[in-house]
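Below: one structure, written as structure tokens.
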Amino acid sequence: MRKVYGLLLALPLSVSCTGRVKPLDRAVLDLEHFPFTTTVTELLPEHTEDNHYAGWYKVKGTSIEVDTVYDDELSDAPKAQWIEYRSRGYSSRDELARFDDLGFNTVNLVATLSGDVILVNGVADRVNADDREALFALLDKKYGNARKTQGTFMNPFDIYTWQAADRLIKYVPLFDDTQHTLHVVADKSKGTLSGASGQSHYKGLIYIISKEYARKLVGNMHTGDLLYCDE
């Protein structure tokens with residue numbers, strides 16, 4: 001499985017021996033043992049609020065937007081359902097979460113209206129086949145073989161689902177076709193900018209979902225990385 005090198009190895013996992021988590025900017029979130037007693041304010045305390053934009057948080061290279069989801073936004077009296085904390089930009093050099101040895105660059109959260117986290121989604125910018133298969137082997141051994149289904153958004157994508165007593169774990173290997181995208185490469189030593197074509201690769205999306213809320217959430221989120229959390 002892909003290891004995280006350098007300074008990231010020294011970062012503690014954010015689930016302590018007491019079962020409480022630490023803020024996302026202070027420790028790597030342990031997705032494998034994530035406790036559904038966690039509140040949003042534990043992961044995103046006041047000091048992570050963006051100083052310039054209301055309703056936004058800043059965690060390392062990640063910008064997180066907060067949005068309340070309603071049952072029918074066009075009705076005269078829409079009813080709030082849950083709150084989404086959506087990653088709107090991140091650095092591929094950061095590691096905000098981890099499942100076993102696989103690191104994830106950013107996270108998305110879903111919380112109840114009272115602030116209890118009921119879904120956490122880790123996003124890895126690049127995951128090779130060996131890392132993915134090692135993760136699947138670990139999950140298959142612990143929870144039994146995954147149920148494989150297929151979703152569609154612009155293009156079909158595979159969904160792998162494992163069930164535990166109190167949670168669902170879903171993983172989506174999402175093909176990212178960037179070969180026709182121009183990337184700007186900065187060389188600080190030379191003070192130059194150059195263009196380079198991207199290399200197509202697979203991203204990794206993992207979802208840890210409270211079983212109590214799974215039926216309500218799965219297939220009913222329609223924005224950003226969360227929309228791939230489907231049946």
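Residue numbers start at 1 and run along the sequence shown. Computed from heavy atoms alone, side chains included, the values below leave out hydrogens, waters and symmetry copies. These numbers come from a predicted model, not from an experiment.
For Thr62 against Ser87, the heavy-atom pair with the smallest separation is CG2-OG, 3.8 Å. The two atoms that bring Ile159 and Gly151 nearest to each other are CD1-N, 3.8 Å, heavy atoms only. Listed here is the closest heavy atom pair of Ala214 and Leu168: CB-CD1, 3.7 Å. The two atoms that bring Ala111 and Val40 nearest to each other are CB-CG2, 3.4 Å, heavy atoms only. Closest non-hydrogen pair, Gly103 versus Glu95, comes out as CA-OE2, 3.2 Å. The two residues Lys203 and Asp125 come nearest to each other via the heavy atoms CG-O, 3.3 Å.
Leu31 and Tyr90 sit in two unconnected hydrophobic clusters of ILVMFWY residues. Membership requires side-chain heavy atoms under 4.5 Å apart, directly or through other members. Under a hydrophobic clustering in which Ile, Leu, Val, Met, Phe, Trp and Tyr are joined whenever their side-chain heavy atoms come within less than 4.5 Å, directly or via other members, Phe104 and Phe34 fall into the same cluster. Both Ile209 and Trp82 sit in one connected hydrophobic cluster of ILVMFWY residues. Membership requires side-chain heavy atoms under 4.5 Å apart, directly or through other members. Hydrophobic clustering (ILVMFWY, side-chain heavy atoms < 4.5 Å, transitive): Val21 and Val59 are in one cluster. Under the 4.5 Å side-chain heavy-atom criterion for ILVMFWY residues, no single connected hydrophobic cluster contains both Leu205 and Tyr171.
Annotation for Glu46: atom CD does not count as buried by contact number, only 12 or fewer foreign heavy atoms lying within 6.0 Å.
Remark: Arg167 fails to qualify as a cation-pi partner of Phe36 under the 6.0 Å distance and 45° angle criteria applied to the six-membered ring.
Atom CG of Asn220 is separated from atom CZ of Arg215 by 11.5 Å, given to the nearest 0.5 angstrom. Rounding to the nearest 0.5 angstrom, the gap separating the OG1 atom in Thr149 from the CZ atom in Phe157 is 8.5 Å. Here the OH-CZ distance, from Tyr228 to Phe153, works out to 5.5 Å after rounding to the nearest 0.5 Å. Rounding to the nearest 0.5 Å places CG of Asp130 at 12.5 Å from CG of Leu135. Note that CG of Leu102 is 11.0 Å distant from CD of Glu32, once rounded to the nearest 0.5 Å. Rounding to the nearest 0.5 angstrom, the gap separating the CG atom in Leu217 from the CD atom in Gln81 is 10.0 Å.
Looking only at distances, no side-chain donor or acceptor of Asp50 sits under 3.5 Å from a matching main-chain atom of Lys58. Distance alone, capped at 3.5 Å, is enough to place a donor-acceptor pair between the Asp71 side chain and the Lys79 backbone. Under a 3.5 Å cut-off, the side chain of Asp140 and the backbone N or O of Ala146 do form a donor-acceptor pair. Side chain of Asp94 to backbone of Asn105: no donor-acceptor contact under 3.5 angstrom is found.
In this structure, Tyr57 and Tyr85 have tilted ring planes: the angle between them lies in the 30° to 60° band.
Taking 4.5 Å as the limit, every side-chain heavy atom of Arg147 sits out of range of all side-chain heavy atoms of Gln163. Using a 4.5 Å heavy-atom cutoff, the side chains of Asn121 and Cys229 are not in contact. Between Tyr213 and Thr112 there is a side-chain heavy-atom pair separated by less than 4.5 Å. When side chains are defined from C-beta on, Ile118 does not count as touching Lys216, because their heavy atoms never get closer than 4.5 Å.
Each of Leu24, Leu96, Thr38, Ile208 was compared with Leu29 under the side chain to side chain contact (heavy atoms under 4.5 Å, CB included) criterion, and only Leu24 meets it. If you run side chain to side chain contact (heavy atoms under 4.5 Å, CB included) between Glu84 and each of Val110, Ile64, Val66, only Val110 comes through. The side chain to side chain contact (heavy atoms under 4.5 Å, CB included) with Val117 is formed by just one residue from the set Leu43, Thr39, Thr37; it is Leu43. Under the side chain to side chain contact (heavy atoms under 4.5 Å, CB included) rule, Val123 has a single partner from Asn108, Val172, Leu174, Ile206, which is Asn108.
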Requested in this report: Could you walk me through whether Val218 and Tyr207 pass the side chain to side chain contact (heavy atoms under 4.5 Å, CB included) test, one step at a time?
Outcome: CA-CA 10 Å; Val218 173; Tyr207 303 88; over 6 Å; no

Requested in this report: Check the pair Asp158, Lys148 against side chain to side chain contact (heavy atoms under 4.5 Å, CB included), reporting the backbone distance first and the verdict last.
Outcome: CA-CA 7 Å; Asp158 293 330; Lys148 182 180 178 181; 3.5 Å; yes

**Report entry** Leu226 and Leu119: CA distance, side-chain angles, deciding distance, side chain to side chain contact (heavy atoms under 4.5 Å, CB included) verdict
**Finding:** CA-CA 10 Å; Leu226 295 173; Leu119 180 152; 3.8 Å; yes

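Looking at residues two or more places apart in sequence or on another chain, you find a ring pair (Phe, Tyr, Trp, His ring centres under 6.0 Å) between Tyr160 and Phe136.
Chaining together hydrophobic side chains whose heavy atoms lie under 4.5 Å apart places Tyr53 alongside Trp56.
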